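Heavy atoms only: backbone and side chains are in, while hydrogens, waters and symmetry mates are out. Source: prediction; values computed, not measured. Naming: A, B, ... by sequence-line order, numbering from 1 per chain.
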2 protein chains.
Amino acid sequence: MKNPFDNLDKSLEHRVRLQIMSVLVTNEAYDFNSLKELIGVTDGNLASHMKALEKEKYISITKSFADRKPNTKYKATERGRTSFRKHLEALEDILKQQKK
Amino acid sequence: MKNPFDNLDKSLEHRVRLQIMSVLVTNEAYDFNSLKELIGVTDGNLASHMKALEKEKYISITKSFADRKPNTKYKATERGRTSFRKHLEALEDILKQQKK
DNA sequence: TAAAAGCACTTTGGAATTCAAAGTTAATTA
DNA sequence: TAATTAACTTTGAATTCCAAAGTGCTTTTA
């Protein structure tokens, strides 16, 4: 096995972004405020992490008005799902390596 | 299950330090230069990561002269092993959560 | 014995990352 | 039209990270 540490994804090494992707991969979609509450970060901070993930094309954004309020929904893209899975696989390999 | 993301260890979120601990937990001891080669970092960079781990009391250091050259050996402390294991457990929980 | 070399740092300076807080914009409600 | 709310963007500061240069100690070489 190649060195699994080399397969870690830089964008997903940060705890907050890992958690965001974790939520978006298991949920069809998730909105800004729910994500903010779940993760416990400020709105500005969340927005900037979302921007980083968007830049990587790991997520897509849909803006609308729901209940007459602005509502932003995020989804994981296929690319995002693949990268997330690979990152988890690298983590799994690290775990396996440890148990030997 | 509590939120596994809260159980991640700040000191072990960095790729290099995670790899260092991974090596030290599976090997009785490891010296500076072997670690440096294995991980592929500069000596100064490695030294500063080691210092961070030492500050957390995750590793212990033994200096000596071997083959008439200075030789620094690192070991994982019990505290380091425990923290490392807990970090991996948190990662495992995250992985499990994903597979549900 | 003086100079050179090697190891393991420490220091320095700069770049990148992260964060909270404040400011901004667009749409809606009063 | 003023106030409110969501979802940002900007700002400024703190922290982290890194390579490169410099240092101290010991051994080797000349």
[X] side, atom [atom1]; [Y] side, atom [atom2] - distance, nearest 0.5 Å:
X     : Y     : atom1 : atom2 : answer
B:N7  : B:I94 : CG    : CD1   : 8.5 Å
B:I39 : B:Q19 : CD1   : CD    : 4.5 Å
B:F84 : B:T26 : CZ    : OG1   : 7.5 Å

Spacing between [X] atom [atom1] and [N] atom [atom2], to the nearest angstrom:
X     : N      : atom1 : atom2 : value
A:K36 : D:dC8  : NZ    : C1'   : 11 Å
B:H49 : D:dC17 : NE2   : C1'   : 7 Å
A:F32 : D:dT9  : CZ    : C1'   : 11 Å
A:Y30 : D:dA6  : OH    : P     : 17 Å
B:D43 : D:dC17 : CG    : P     : 18 Å
A:L53 : D:dC8  : CG    : C1'   : 16 Å

Donor-acceptor pair under 3.5 Å: do we get one between B:N45's side chain and the base of D:dC18?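 No, the side chain and the base share no sub-3.5 Å donor-acceptor pair.
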How close do A:A76 and A:L24 get, counting heavy atoms only, and between which atoms?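 Heavy atoms of A:A76 and A:L24 come nearest at CB-O, 3.8 Å.
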A:S48 side chain to A:N45 main-chain N or O, any donor-acceptor pair under 3.5 Å?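 Side chain of A:S48 to backbone of A:N45: a pair is present.
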So, A:T72 side chain and A:F32 main chain: donor-acceptor pair closer than 3.5 Å or not?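 It does not hold such a pair.
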Would you call B:K99 and A:E92 a salt bridge, using N to O less than 4.0 angstrom?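 Judged by the 4.0 Å cut-off on N to carboxylate O distance, B:K99 and A:E92 do form a salt bridge.
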Using chain B heavy atoms and a threshold of under 4.0 Å, write down where along DNA chain C the contacts begin and end, 5' to 3'.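 The contact span of chain B on DNA chain C goes from C:dC7 to C:dT10.
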Strictly by side chain to side chain donor-acceptor pair (under 3.5 Å), give each pair with a member in residues 33-44 of chain B just once, sequence neighbours left out.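 Sorted result for residues 33-44 of chain B: B:D31-B:S34.
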Which residues satisfy the side chain to side chain donor-acceptor pair (under 3.5 Å) test with B:S22, sequence neighbours excluded?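 For B:S22 the side chain to side chain donor-acceptor pair (under 3.5 Å) partners, ignoring immediate neighbours, are A:Q98.
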Contact under 4.0 Å: A:Y74 side-chain N or O vs D:dA7 OP1/OP2: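 For D:dA7, neither OP1 nor OP2 has a side-chain N or O of A:Y74 closer than 4.0 Å.
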Give a yes/no on whether any side-chain N or O of B:T42 is located under 4.0 angstrom from OP1 or OP2 of D:dA20.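 No, no such contact exists.
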Which residue, A:G40 or B:K73, contacts DNA chain C at a nucleotide closer to its 5' end, judged by nearest heavy atom?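 Nearer the 5' end of the strand: B:K73.
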Those residues of residues 7-21 of chain B lying under 4.0 Å from DNA chain D by at least one heavy atom: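 By residue number: B:H14, B:R17.
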Any non-hydrogen side-chain atom of B:Y30 less than 4.5 Å from a side-chain atom of B:L38?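 Contact flag for B:Y30/B:L38 side chains = yes.
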What is the per-nucleotide protein-contact pattern of nucleotides 24-30 of chain D, from the 5' end, where B denotes a base atom under 4.0 Å from a protein heavy atom, S denotes such proximity for sugar-phosphate atoms only, and - denotes neither? --SSS--
Strictly by ring pair (Phe, Tyr, Trp, His ring centres under 6.0 Å), give each pair with a member in residues 38-69 of chain A just once, sequence neighbours left out.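 Qualifying pairs, neighbours excluded: A:H14-A:H49.
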